[in-house]
There are 2 protein chains.
Amino acid sequence: MSRITAARVTDIRFPTSIELDGSDAVNVDPNYSAAYIQLATSDGPDGFGLVFTGGRGNEVVAAALRSAVDLLPDSDLEAMLENLGDVSRRLVHDSQFRWIGPEKGATHMAAGAVLNALWDIKAKRAGLPLWELLARMTPEELVAVVDFSHLRDALTEREAFDILRRGEGGKEERIAELKANGYPAYTTSPGWLGYSDEKMVRLAREAVSEGYSLIKLKIAGSLDDDVRRLRLAREAVGPDVAIAVDANQNWEVHEAAPWMRELQPYDVHWVEEPTSPDDVLGHARIRREIAPIRVATGEAVQNRIIFKQLLQAEAIDVLQIDATRVAGPGENIAILLLAAKFGVPVCPHAGGVGLCELVQHFAFFDYAAVSCSQDGRVIEFVDHLHEHFHAPARVTGGRYQAQLAPGNGAEMRDESVETWAYPAGPGWQDLRARGLIDY
Amino acid sequence: MSRITAARVTDIRFPTSIELDGSDAVNVDPNYSAAYIQLATSDGPDGFGLVFTGGRGNEVVAAALRSAVDLLPDSDLEAMLENLGDVSRRLVHDSQFRWIGPEKGATHMAAGAVLNALWDIKAKRAGLPLWELLARMTPEELVAVVDFSHLRDALTEREAFDILRRGEGGKEERIAELKANGYPAYTTSPGWLGYSDEKMVRLAREAVSEGYSLIKLKIAGSLDDDVRRLRLAREAVGPDVAIAVDANQNWEVHEAAPWMRELQPYDVHWVEEPTSPDDVLGHARIRREIAPIRVATGEAVQNRIIFKQLLQAEAIDVLQIDATRVAGPGENIAILLLAAKFGVPVCPHAGGVGLCELVQHFAFFDYAAVSCSQDGRVIEFVDHLHEHFHAPARVTGGRYQAQLAPGNGAEMRDESVETWAYPAGPGWQDLRARGLIDY
């Protein structure tokens, strides 16, 4: 019998706050971090999952990971891998554990990482990258891994099945096309709020020369700064490159429209996270007030039930899934199906630690089997921290190249895990010894 | 200088699953638990706070409590107690910690417990029960402890101030009235889903004879059971006692109306948690479909931003605050002010461990200084586990008696903390030795 023999959880943090990589109006000084889980198995490849966080609190998610593992059934691993929908329901709806959510925050993210690790094992055993494993599952198999609870007023099993059955047509051609040409990317690398104007302009020009047709700037710290930076960026990239902006939840609902009117002359492709990710009605109001500027959100949306409402309320033009906030591939498939039902394009959130590596699989799967379209769709890319992964995301000519390595992409290099384990890893000890940090 | 000298966190659990106290359609076998925090001070009474949970996962909230304490400023305690609004913002909006929410789940509940413990110290230093401390604060002081972020499209500081200034009139009389007559209670003790019909009927009759004019039954496991139990309960209590029902999130949005139509003949006072607590639009639809049956929710609502939307969408008739899910007294005051602005009565959720002890303060404060009304308002009471508290909630003649002991009510008896510490406390060891549990 095949079994999970051990779960190893590590609190990994990178000292990104020193260079202000990743800084925005709300996340002013993140240390990009991962609560990282390795599931060892009795007879095959290990599985890996992670939760991205901003640093402090990563230890809480690590604790939640240990607790989520304890909820797994003590049963044959092969049987679990054949019934990942049941495993997901067991983790997400555990009759005691659920009180702490339900389906949100540290415990939900932890359940997601454990599920990601199980899917990693399943994909490695199949010898396929996760996106291709998903793309080659039948509509029946996919419907079985989705939790439709509290979705059925917007999306039934039958409707999901119909969407996926339509996606069967031409699937092989789309898989081949993805392997040949990849999937469009955009980049946030130039736009961090902590960067000087000069650095931002230089990086924006570099992004265009690297083949990106969409870049994103962080905004909503100061209106004057935003107008100046957007003017400089528009001058730097010219009229044909799209510029999205990201307010990172910093506005009250009524503040978004007047602020955005000042930025409209610079042709904004979308505005992301204009207010609290919990505020469905607020997003709907903002979208009405700033049309035709488009509204995007999702990286901090807690679960499929909020996404359902954002779609029902016509609150967003662009849906941004995140690989490590919801309950693993099953919940992300639910969200892709909802987006397809409502005809809203999915543009995944990435960056952080490992988010590019993980989330690309869902965009590739979406093109192969769900929306079957790349129109208006693009995966975020930030060129940070990829060197720590076994199979790093690769973007060339402004396109994600198809990941071909088996698994979900979460596996990190042993040396990185050891060096940046917090607080005792040698990387952190060295920073302390050099007086660069005091924590 | 006054300081916090130590923080002691304990994972306390009670073996309630053995008797199925607290069982409902979703929480089928809870072990009522508390992640409990004691803040020791250099020069005065200690402060106590807790987060109620259902058992498994309590250790995650305990970990989050330790991390939340680390976010407190290393400053004079008196200065902190004078600026609890600032302390709250520091805990809730920490630029790294917030990623794990924002403002939801384990980390948000933990921030709330730390804030509750600080308010406990403040109330004890003032020699007042928390409700009276709050009732005697000025409108300016109260506005300063509320976090209005992401609320201002529905409630501004100015509007809150006006509500509180109106509440100044007659406040002394209302405080005196609360001390003399208390506040109306209702009871869920008869209604747990795991109880036999006989036990339910007996307890319902007892509740009426004890003076309750409203009882609540758990439903949504099986329609046939619900119809039978509601018929038996209605026969037992007669036509003049109100019966509310609680579906504990178990329905899809479209399932609520047909189910409730079958129960309507038995005169349902409200239906609670018909669907996911995240589903604002779902609650609004259900309310329209089942009118005139009223909709109640709140015990699992993660923060003020969801409550804001429930009110904006006219999704609820009864707003149920919870003492240990949101970010302490400041966020509960925000929610009381929102409810007052929208004219919706607040009927607090209680039961669990310590929820009666803690939440009564907000209802008493609401009557003294915010809504200034008891019409249609009632605090839940469940007669469990009060013996573990220093100043237990007291209900006589169907009314909560005013708490007069200084503090917030969270302080537990040392012996209880020791006996039921999980997993090593002697209470748990004894249950294992007797073969009653295997965990």
Side-chain angles (χ1 to χ4, degrees), chain A residues 26-31 33 52-64 67 70-71 93-110 149-154 249 252-255 275-282 285 300 302-303 305-306 308-309 312-313, chain B residues 17 26-31 33 52-64 67 70-71 93-110 149-153 249 252-255 275-282 285 300 302-303 305-306 308-309 312-313:
Chain A
V26 169
N27 308 292
V28 293
D29 58 351
N31 280 331
S33 302
F52 168 66
T53 82
R56 283 186 292 277
N58 202 46
E59 71 283 2
V60 177
V61 183
S67 299
D70 287 342
L71 300 177
H93 300 299
D94 178 82
S95 64
Q96 295 186 356
F97 204 66
R98 75 183 298 286
W99 183 267
I100 301 163
E103 303 189 57
K104 58 185 65 79
T107 50
H108 198 56
M109 296 160 109
S149 67
H150 294 149
L151 285 193
R152 295 187 183 89
D153 57 313
Q249 315 168 17
E252 298 296 301
V253 171
H254 62 277
E255 290 174 332
T275 192
S276 164
D278 304 346
D279 201 340
V280 172
L281 301 179
R285 173 177 159 185
Q302 66 207 34
N303 60 37
I305 301 162
I306 302 290
K308 175 187 79 170
Q309 294 175 81
Q312 289 174 318
Chain B
S17 62
V26 169
N27 308 291
V28 293
D29 58 351
N31 280 332
S33 301
F52 167 66
T53 82
R56 283 185 292 278
N58 203 45
E59 71 283 1
V60 177
V61 183
S67 298
D70 287 341
L71 300 178
H93 299 299
D94 178 83
S95 63
Q96 296 187 355
F97 204 66
R98 73 183 299 285
W99 183 268
I100 301 163
E103 303 188 58
K104 58 185 67 76
T107 51
H108 198 56
M109 297 159 108
S149 66
H150 295 149
L151 284 192
R152 295 187 183 90
D153 57 313
Q249 315 167 19
E252 298 296 301
V253 171
H254 63 276
E255 290 175 332
T275 193
S276 164
D278 303 345
D279 201 340
V280 171
L281 301 179
R285 173 177 159 184
Q302 64 206 36
N303 60 35
I305 301 162
I306 302 291
K308 175 187 78 169
Q309 294 175 82
Q312 288 174 319

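Chain letters run A, B, ... following the sequence lines, proteins first, then strands; residues in each count from 1. Everything quoted here is computed from the prediction, not taken from an experiment.
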Colleague: Going by heavy atoms in the side chains, are A:Gln96 and B:Asp29 under 4.5 Å from each other?
Modeller: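 In contact.
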Colleague: Under a 4.5 Å cut-off applied to non-hydrogen side-chain atoms, are B:Lys308 and A:Leu281 in contact?
Modeller: no
Colleague: With chain A, which of B:Pro30, B:Gly105, B:Ser276, B:Ala313 has the greatest number of heavy-atom pairs at distances under 4.5 Å?
Modeller: B:Ser276
Colleague: At a heavy-atom distance under 4.5 Å, which candidate from B:Gln309, B:Lys104, B:Gln249 has the highest pair count against chain A?
Modeller: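 Option with the greatest count: B:Gln309.
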Colleague: Measure A:Ser149 against the heavy atoms of chain B and call it side chain, backbone, both or neither at under 4.5 Å.
Modeller: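 Answer is both: backbone and side chain atoms of A:Ser149 are under 4.5 Å from chain B.
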Colleague: Check each atom of A:Ala154 against the heavy atoms of chain B and say whether the ones under 4.5 Å are side chain, backbone, both or neither.
Modeller: neither
Colleague: Pairing donors with acceptors under 3.5 angstrom, does anything connect the side chains of A:Arg285 and B:Gln312?
Modeller: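 B:Gln312 and A:Arg285 do not have a side-chain donor-acceptor pair below 3.5 Å.
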Colleague: I need the residue from B:Gly282, B:Ser67, B:Ser33, B:Ala63 with the largest number of non-hydrogen atom pairs under 4.5 Å to chain A.
Modeller: B:Ser67
Colleague: Checking heavy atoms, do the side chain of A:Pro102, its backbone, both or neither come under 4.5 Å from chain B?
Modeller: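 When you check distances to chain B, atoms from both the backbone and side chain of A:Pro102 fall under 4.5 Å.
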Colleague: Who wins among A:Val253, A:Val280, A:Val60, A:Asp279 for the most heavy-atom pairs under 4.5 Å with chain B?
Modeller: A:Asp279
Colleague: For A:Leu71, is it the side chain, the backbone, both, or neither that has a heavy atom closer than 4.5 Å to a heavy atom of chain B?
Modeller: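 Just its side chain gets close to chain B.
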Colleague: Below 4.5 Å, heavy-atom pairs only: which of B:Glu252, B:His254, B:Arg152 has the largest tally toward chain A?
Modeller: B:Glu252
Colleague: Identify which part of B:Asp94 has an atom lying under 4.5 Å from any heavy atom of chain A, answering side chain, backbone, both or neither.
Modeller: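 When you check distances to chain A, only side chain atoms of B:Asp94 fall under 4.5 Å.
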Colleague: Measuring heavy-atom distances to chain B, does A:Val61 have an atom under 4.5 Å in its side chain, in its backbone, in both, or in neither?
Modeller: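 Contact with chain B is through the side chain of A:Val61 alone.
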Colleague: For a 4.5 angstrom cut-off between non-hydrogen side-chain atoms, does B:Ser95 reach A:Arg56?
Modeller: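 Counting from C-beta outward, B:Ser95 and A:Arg56 do come under 4.5 Å.
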Colleague: Taking side chain as everything from C-beta outward and backbone as N, CA, C, O, which of these in A:Glu59 sits under 4.5 Å from a heavy atom of chain B? Side chain, backbone, both or neither.
Modeller: side chain
Colleague: What part of A:Ile306 lies closer than 4.5 angstrom to a heavy atom of chain B: side chain, backbone, both or neither?
Modeller: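 A:Ile306 touches chain B through side-chain heavy atoms alone.
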Colleague: Is it the backbone or the side chain of B:Gln302 that comes under 4.5 Å from a heavy atom of chain A, or both, or neither?
Modeller: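 Looking at B:Gln302, just its side chain touches chain A.
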Colleague: Looking only at heavy atoms and a cut-off of under 4.5 Å, which of B:Asp153, B:Asn303, B:Thr53 has the most pairs with chain A?
Modeller: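 Greatest number of close heavy-atom pairs with chain A: B:Asp153.
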Colleague: For the backbone of A:Gly57 and the side chain of B:Trp99, can you confirm whether one donor and one acceptor N or O come within less than 3.5 Å of each other?
Modeller: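 It does not hold such a pair.
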Colleague: Please look at B:Ile305 and chain A and tell me whether the side chain, the backbone, both or neither of the residue comes under 4.5 angstrom of a heavy atom of that chain.
Modeller: side chain
Colleague: Give, as side chain, backbone, both or neither, the part of B:Ala110 having an atom under 4.5 angstrom from any heavy atom of chain A.
Modeller: neither
